[in-house]
Every structure is written in C-alpha cells, then in structure tokens.
Amino acid sequence: MSLNQKHFRNKKRHFLCIIFFAVMAGCIFGVGHSEAARKQELTPSDGTSVPPTETGMPLPTQTAMPSQTAMPSETAMPTNTPAPAEYKLLNKGVRYKKGGQAGIHYKKVKGKKVYQIKSYTTDSVALNMSHPSTFRIYGGGSKKEVKKKYAAVSAKGIVRSRRRGKGQKLYTIVEAVSKLTGEKRYIYIYFRERLYSKVGKRISLYEKHTTPLSFNYGKKRLAFSVSNAKIAAVNAKGKVTGKKRGVTYITVSVKDSEKNRLRIRVVVTEEPWIVSIKNRKYDYEKMVMDLQKIHAKYPAKTYLYSLGKTADKRDIWCIRIGKPGAARKLMINAAIHAREWKNVQVLMRQTEDMLRDYRDYKERFQKTCIYIIPMDNPDGVSISQYGFDAIRNKKLRKQCKKIGNAKKWKANARGVDLNDNFPAGFQRKSQKKKPSYMAYPGKKAASEKETKHLMRLVNEIKPKAVLNLHSTGSVIYWDFDVDEELHDKLYQFASKVNSFNKYMMMPPNGSTRATGGFADWLNYEKGIPSITIETGTVECPLPHSQFAAIYKRNNKMFRWFMTKY
C-alpha cells in the first residue's frame with residue numbers, strides 16, 4: 001500500500017469519528033433541552049415550586065387544554081383473507097347423491113356424489129355455483145353424443161340441449177371447476193322430451209260435441225288455456241267442447257317448464273245431418289241408407305237389425321238405442337199404414353237428433369233402451385210413393401194392380417190392412433172380404449209377416465210403453481176400455497204428450513175399441529200402455545210442407561219419451 005493511500009484512509013476514519021461525536025452530542029443536548037423545558041412548564045410563573053407527588057414527581061397545574069392537533073394515523077393491521085365457502089351447486093330442488101345417472105354410458109361418474117337435475121329439451125339450465133367456475137361437458141349418453149355436442153354449456157354455466165325433435169331425450173354430465181380452489185363438481189342433467197299432441201296440432205269438432213286431447217305427458221302435469229272461450233272450452237283433463245262455429249287456439253303447457261308448450265288449432269263446425277229434411281219423398285231405400293250411416297256413426301250407441309222380411313222381400317228394420325240388457329225398454333213405430341210415410345222421415349230425424357245429444361243422457365241409456373221401427377210396412381210405402389211397379393214380385397204386383405188406388409194405399413203388398421190384422425178383437429169386416437187398398441183385415445189374425453215380426457219383438461223385449469205414429473188429424477187416441485190401473489197410465493202418458501204437442505186427447509171411439517189394431521193388441525192383450533198420435537192436418541199422403549210443423553210440435557215430446565218416460 002502506498003503512503004498516499006494510507007494517508008487517505010486515515011483522513012477518512014478521522015472524518016467519520018467527527019461525524020459520530022457530533023451526532024452523539026446533538027442527541028444529548030436534545031434530551032437535556034427537553035428535560036429543562038419540562039421543568040420550566042412545571043414551575044409557576046410566580047416562582048413558587050410545585051409540590052412533588054408521592055413518587056417525587058410534581059403535580060401538573062391546571063392549564064388550558066391545548067388545541068387538538070391531528071394525531072398520527074395508526075398503521076392498518078393486515079387482515080386475514082377468509083376461506084372460500086363450500087363449493088356447491090345452489091340451484092333449488094337439486095338432489096346430491098351417488099349413482100342415479102340413468103342414460104349415461106360415457107364417462108359415468110362413479111364413487112362420488114353427483115348433483116341431479118331434470119329439465120326439458122326445450123329449456124336451458126343455468127348452473128349457479130357457489131364459486132366462480134369453469135364448465136365443460138364431461139359425459140353423456142354416448143361418446144358420439146358428446147363429440148357431436150348434443151349438449152352445450154356456456155362460460156356462464158348455461159346448459160342447453162340441441163336435441164329437440166319429437167320423442168328425443170338427452171342425458172349429459174357437466175363438470176364444474178372452482179376458480180378459487182380447483183375443486184370439481186359433477187352435475188347430471190336429464191333433458192326430457194318436448195311436449196307433443198298425439199291427436200295432432202289441429203282438431204275439428206262439431207258444435208256441442210266433445211273430444212279428448214292426448215299427449216306424451218299425463219294431464220296432471222299440464223295446464224290448458226283457450227284463446228276464445230266462446231268458440232270452444234277445454235277442461236283440466238284436456239277435454240275440448242265445441243260451442244259455436246269458428247276457429248280458436250288451445251295452449252298446452254308443461255307446468256314446471258318455461259318453454260315446453262304447444263298450440264292446437266281448434267275448428268268448430270256445424271254438425272251435418274244424415275237425415276235430410278229437404279227430401280220430399282223419403283222412401284225405403286233412403287231410410288235404409290240413413291239407418292246404416294247412423295249406425296256407422298254411432299256404433300257403440302246403436303244396434304241395427306232386421307225383424308224379418310216382408311212378402312216382397314224387404315227388411316223391416318229396427319234400430320236400438322242403448323244396451324239390450326237394460327231393465328226398461330220402450331218402443332216407437334211408424335208407417336204401419338202405407339200412405340202415412342211422412343212420419344218415417346219425422347221419426348228418422350228424431351232418432352238422429354237423440355243420438356247427437358246422447359252424451360247428455362248417457363246414464364239414462366244404461367238402464368233404458370229404445371227400439372225404433374221407422375217403417376212397419378215397407379212394401380205398402382213403396383206402392384204409395386211409386387205405384388205398383390215398385391213391387392218386385394210379379395204375382396203380388398199383378399194382384400195389387402187389380403186392386404188399384406195406389407196413391408191412397410194403406411195395406412201391405414198382399415192387400416191386408418196391418419192395423420186390422422192383430423189378434424185383439426179381430427173380425428172379418430163384411431164390407432171388405434178380399435184384399436183391398438185399405439180396411440181388409442186378412443183371412444185370419446196375424447196372417448201377415450209384418451204382424452208376426454212386430455208381435456215377436458214385443459213378446460221378446462216386453463216394452464214398458466209403445467208410441468204409435470199415424471196420420472192425420474193432430475189428435476191422440478188413448479182412452480181404451482181397460483182396467484183402472486192401465487187406464488191411469490194411459491191418461492198420464494197421453495196428458496204428457498199433449499203438454500208438448502197440444503194435440504187433442506180423443507174420447508173413446510172406434511179407434512180405441514178392440515178391432516185388430518196394433519195398439520188394441522198391446523193394451524187389451526198385453527197390458528202395455530200404448531197410445532196413437534195422429535200427425536198432420538190434411539189428407540194423406542201428407543205433403544212435405546207438413547213436415548216442419550209436425551217436427552217442431554213433436555220434437556220435445558219425442559225427447560221426453562226417450563229420456564224421461
């Protein structure tokens with residue numbers, strides 16, 4: 001080391017020592033000055049000394065409090081970061097358990113609890129985790145489904161199904177990872193199929209008719225509403241009733257879903273009639289066709305069969321409304337006299353009218369059934385409407401032509417008046433000893449096929465009452481010479497009919513004496529209440545212009561007899 005270097009080092013040390021002693025002297029002086037200042041504050045201005053305390057320290061004098069000066073702020077203590085809450089799914093109604101992952105065949109979670117949610121393919125599921133999280137589709141119904149992204153989850157945890165076709169379901173597992181702790185949770189979601197109607201999205205029904213709706217979900221899970229309740233109504237069971245013609249819409253919603261709903265268009269129309277009131281000559285062929293259509297339309301409510309054939313091989317048709325095992329049976333018949341065929345159309349229209357409202361009387365027909373014979377004498381009606389050429393049997397046709405008077409014809413194809421052919425006061429009328437267009441009773445009682453078929457039906461079903469339709473006169477024949485009990489029944493029967501159609505109740509006369517008539521046989525021989533209603537106001541055959549008035553006056557009467565008697 002050179003001399004210059006040594007000299008420089010020594011001067012440095014000397015300079016540092018001077019600085020050190022200067023600092024020490026300043027500290028001592030400061031402390032001494034502070035102590036002197038304190039003692040001066042304790043000495044009163046008058047020069048007296050302050051007595052010392054027990055500890056030897058003088059008591060401070062009462063002086064004005066110094067004005068408050070800003071206190072130095074305390075240094076904030078460091079706070080401990082709280083531990084994050086338990087990592088879990090906060091959605092309401094979820095289940096958290098092991099297993100229960102039906103439909104998952106790819107990456108099924110085993111040995112761990114899994115959150116379980118049920119939703120619909122139409123709805124999205126928002127996952128509400130207790131920590132900020134990342135999400136991904138973890139597993140599904142198959143690897144292919146996961147790869148094709150049938151289920152998708154957003155960064156915010158919104159899970160959606162991309163399968164929304166009819167009958168399509170989706171199973172998926174979402175993995176949620178906490179951004180705070182790295183913990184993982186698994187959420188199993190079962191997306192159920194969307195709602196669809198098994199009867200389609202459009203239905204048509206008639207006024208006053210009902211039709212049930214059918215869906216892939218039970219009715220208890222669905223809610224129904226209708227846009228126009230004046231046109232159609234729907235109840236909680238999904239039964240739709242048409243009220244008046246028009247178009248309305250029914251909205252069906254799954255109760256626990258946001259978007260799983262559908263809309264059904266409802267078209268209400270007026271129900272077309274099978275039996276036309278415009279047909280001026282309602283003949284046998286038209287009647288048979290309409291009977292078949294009525295039975296086809298109401299197969300569960302009706303039974304159509306033939307009582308037997310006539311001499312010209314026409315069937316005597318009977319349509320039954322109600323169950324054959326019903327304890328109470330009633331019977332209505334018409335056109336036993338050929339020229340009174342307008343009543344066939346009246347009775348057929350009334351039969352259809354009753355069936356259109358059958359639903360309102362369903363319970364009634366559990367215990368009662370009605371046997372309706374619209375045309376007792378089809379051969380005679382055909383002659384009255386179309387002349388003797390309507391008879392297919394040559395021998396019968398030749399015989400009828402000999403008799404003549406086709407337009408006023410009352411008898412059957414053999415020239416026998418069927419309403420004189422029953423075994424109740426049967427007699428050979430002297431003025432008619434051979435076949436005629438009217439009033440010939442036949443060679444003996446029940447000689448005719450038509451008579452036998454009617455008698456057989458009565459003996460089989462044993463009806464409680466029988467209503468006979470004839471023409472003309474707008475009257476009621478009821479006052480038969482029978483015992484008091486039956487007579488009371490006849491009076492009540494006729495009085496009720498009169499209350500509807502206002503037809504005159506006739507006193508005893510030739511029409512209520514036993515002379516071989518169908519009503520004679522029913523009342524005198526069988527003890528069955530049977531009255532005869534004579535419709536119309538002009539000579540038979542009644543013109544079609546009489547139809548509307550007859551139907552209007554008797555419509556409620558027929559309905560009463562079928563549903564209340």
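- Here the side chains of T512 and N509 are in contact, with some heavy-atom distance below 4.5 Å.
- For the residue pair S447 / N421, a side-chain donor-acceptor distance below 3.5 Å is found, with atom types taken as modelled.
- In this model, no donor atom of one side chain and acceptor atom of the other lie less than 3.5 Å apart for K449 and N412.
- Side chain to side chain, Y440 and D420 fail the donor-acceptor criterion of an N or O pair below 3.5 Å.
- Judged by distance alone, with hydrogens and angles left aside, the side-chain atoms of K281 form a donor-acceptor pair with the main-chain N or O of Q385 at under 3.5 Å.
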Q: Take H337 and E340 through the side chain to side chain donor-acceptor pair (under 3.5 Å) test and state the conclusion after the steps.
A: CA-CA 6 Å; H337 283 149; E340 299 168 15; 3.2 Å; yes
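- A donor-acceptor contact shorter than 3.5 Å links the side chain of N523 to the backbone of A519.
- Ion pair R513/D481 not flagged as a salt bridge, since none of the NZ, NE, NH1 or NH2 atoms sits closer than 4.0 Å to an Asp/Glu carboxylate oxygen.
- The distance from atom CH2 of W478 to atom OH of Y491, rounded to the nearest 0.5 Å, is 7.0 Å.
- Taking the six-membered ring wherever Trp is involved, the centroid distance between the rings of F561 and F493 falls below 6.0 Å.
- Considering only heavy atoms from C-beta on, M557 comes within 4.5 Å of L467 through its side chain.
- For the pair Q345 and K286, the minimum side-chain heavy-atom distance is 4.5 Å or more.
- Here the CG atom belonging to L195 is positioned 8.5 Å from the OG1 atom belonging to T122, to the nearest 0.5 angstrom.
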Quiz: residues 200-207 side-chain donor-acceptor pairs under 3.5 angstrom, not counting sequence neighbours:
unit_1: R202; atom_1: NH1; unit_2: S204; atom_2: OG; d: 3.1
unit_1: E207; atom_1: OE2; unit_2: R245; atom_2: N; d: 3.2

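- Distance alone, capped at 3.5 Å, places no donor-acceptor pair between the E460 side chain and the L457 backbone.
- Salt-bridge formation is not detected for the pair E193/K166: no Lys NZ or Arg NE/NH1/NH2 atom is positioned less than 4.0 Å from an Asp or Glu carboxylate oxygen.
- We find that R349 and D353 are not joined by a salt bridge, their nearest charged nitrogen and carboxylate oxygen being 4.0 Å or further apart.
- Between P529 and L490, the shortest heavy-atom distance links the atoms CA-CD2, 3.8 Å.
- The two residues N498 and Y503 come nearest to each other via the heavy atoms ND2-O, 2.5 Å.
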(Q) Quick one, N377 with K410, criterion side chain to side chain donor-acceptor pair (under 3.5 Å). Give me CA distance, side-chain angles, the key distance, then yes/no. (A) CA-CA 9 Å; N377 183 9; K410 291 181 70 175; over 6 Å; no
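- For T251, the side-chain hydrogen bond (donor to acceptor under 3.5 Å, both in side chains) test picks out no residue, with sequence neighbours left out.
- Qualifying side-chain hydrogen bond (donor to acceptor under 3.5 Å, both in side chains) partners for S257, counting only residues two or more places apart in sequence or in other chains: D123.
- A distance-only check finds a donor-acceptor pair linking the side chain of W409 to the backbone of A411 [under 3.5 Å].
- Once rounded to the nearest 0.5 Å, the distance linking CZ of R192 with OG of S161 reads 13.0 Å.
- A side-chain donor from one of S227 and T248 sits under 3.5 Å from a side-chain acceptor of the other.
- Residue D520 holds its CG atom at 12.0 Å from OH of Y477, rounded to the nearest 0.5 Å.
- Without hydrogens or angle criteria, R280 side chain to H544 main chain gives no donor-acceptor distance under 3.5 Å.
- If you look at F365 and Y358, their ring centroids are closer than 6.0 Å.
- The main-chain N or O of K243 is never found under 3.5 Å from a side-chain atom of K230 such that the two would form a donor-acceptor pair.
- Put simply, the side chain of M562 reaches to within 4.5 Å of the side chain of Q350, judged on heavy atoms.
- To the nearest 0.5 angstrom, F191 atom CZ is 6.5 Å from L170 atom CG.
- For E271 and K297, the salt-bridge test passes: some basic side-chain N is under 4.0 Å from an acidic carboxylate O.
- Between the side chains of H487 and E484, not a single donor N or O lies within less than 3.5 Å of an accepting N or O.
- Between the side chains of S306 and D315, a donor-acceptor pair is found at a separation under 3.5 Å.
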Q) When you look at Y437 and D417, which way does the side-chain contact (heavy atoms from CB on, under 4.5 Å) test go after all the steps? A) CA-CA 8 Å; Y437 72 96; D417 190 326; over 6 Å; no
Q: Please lay out, stage by stage, how D283 and V381 fare under the test side-chain contact (heavy atoms from CB on, under 4.5 Å).
A: CA-CA 8 Å; D283 59 20; V381 168; 5.9 Å; no
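- For D256 and K118, the salt-bridge test fails: no basic side-chain N is under 4.0 Å from an acidic carboxylate O.
- In this structure, a donor-acceptor pair under 3.5 Å is present between the side chains of Q366 and K323.
- With values rounded to the nearest 0.5 angstrom, W317 atom CH2 is found 13.5 Å from I373 atom CD1.
- When atom types are taken as modelled, the side chain of N419 and the backbone of G517 share no donor-acceptor pair closer than 3.5 angstrom.
- Between T532 and H470, the side chains place no donor N or O within less than 3.5 Å of an acceptor N or O (distance only, hydrogens not considered).
- A 4.5 Å side-chain heavy-atom check between W341 and S384 finds at least one atom pair inside the cut-off.
- Side chains of N468 and S530: a donor on one and an acceptor on the other come within 3.5 Å.
- Looking at K401, its side chain never comes within 3.5 Å of a backbone N or O of K398 through a donor-acceptor pair.
- Taking both residues in full, the closest heavy atoms of P463 and I528 are given as O-CG2, 3.4 Å, listed atom of the first, atom of the second, then distance.
- T241 and T210 share no donor-acceptor pair across their side chains, judged by distance under 3.5 Å alone.
- Look at D379 and R414 and you find no salt bridge, because none of the NZ, NE, NH1 or NH2 atoms lies under 4.0 Å from a carboxylate O.
- Side-chain atoms of Y284 and V344, non-hydrogen and from C-beta on, never get closer than 4.5 Å to each other.
- Q427 and T515 form no side-chain donor-acceptor contact under 3.5 Å, judged by distance and modelled atom types alone.
- Residues F224 and K237 fail the side-chain proximity criterion, which asks for heavy atoms closer than 4.5 Å.
- Side chain of T472 to backbone of V538: a donor-acceptor contact under 3.5 angstrom is found.
- Relative ring orientation between W560 and Y565 is described as perpendicular, the plane-to-plane angle rising above 60° on a 0-90° scale split at 30° and 60°.
- Between the side chain of K313 and the backbone N or O of T310, no donor-acceptor pair lies under 3.5 Å.
- Salt bridge status for R314 with D312: present, with a side-chain N to carboxylate O gap under 4.0 Å.
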Q: Using the side-chain contact (heavy atoms from CB on, under 4.5 Å) rule, take Q546 and K342 through it: C-alpha gap first, then chi angles, then the decisive distance, then the call.
A: CA-CA 9 Å; Q546 293 267 300; K342 184 52 65 177; 5.5 Å; no
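- For the 3.5 Å distance criterion, the side chains of Y249 and N228 fail to qualify, holding no donor opposite an acceptor.
- Side-chain contact check for N260 versus T121: every heavy-atom pair is 4.5 Å or farther apart.
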